[in-house]
Amino acid sequence: MEGAFGILKQDRGMTRFRRRGLKGVKMEFLLNCLGLNLYKYHLFWLKQRANNLMGKLN
């Protein structure tokens with residue numbers, strides 16, 4: 001779990017929340033985590049696609 005926090009803080013620059021209140025902070029954190037997961041899935045999808053294309057060339 002620490003890895004995700006480290007990525008959000010260091011790589012994505014999420015050092016402070018921009019929203020106030022617990023509800024706003026929860027929503028901001030949820031959206032950041034969702035964006036991180038979508039990014040990771042996109043990279044996975046690109047790698048799978050590249051592997052499939054390389055397999056067709058051989």
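Side chains of Gln48 and Phe44 form a contact here, defined as non-hydrogen atoms less than 4.5 Å apart.
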Can you give me every donor-acceptor pair (side chain of residues 6-29, partner residue at least two apart or in another chain, under 3.5 Å) with its distance?
{"from": "Glu28", "atom 1": "OE1", "to": "Arg18", "atom 2": "N", "distance (Å)": "2.9"}
{"from": "Glu28", "atom 1": "OE1", "to": "Arg19", "atom 2": "N", "distance (Å)": "3.1"}
{"from": "Glu28", "atom 1": "OE2", "to": "Arg18", "atom 2": "N", "distance (Å)": "3.2"}

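From Leu34, atom CG reaches atom CG of Leu30 across 6.5 Å, with rounding to the nearest 0.5 Å.
A parallel orientation is assigned to the rings of His42 and Trp45, their planes being inclined by less than 30° (bins at 30° and 60°).
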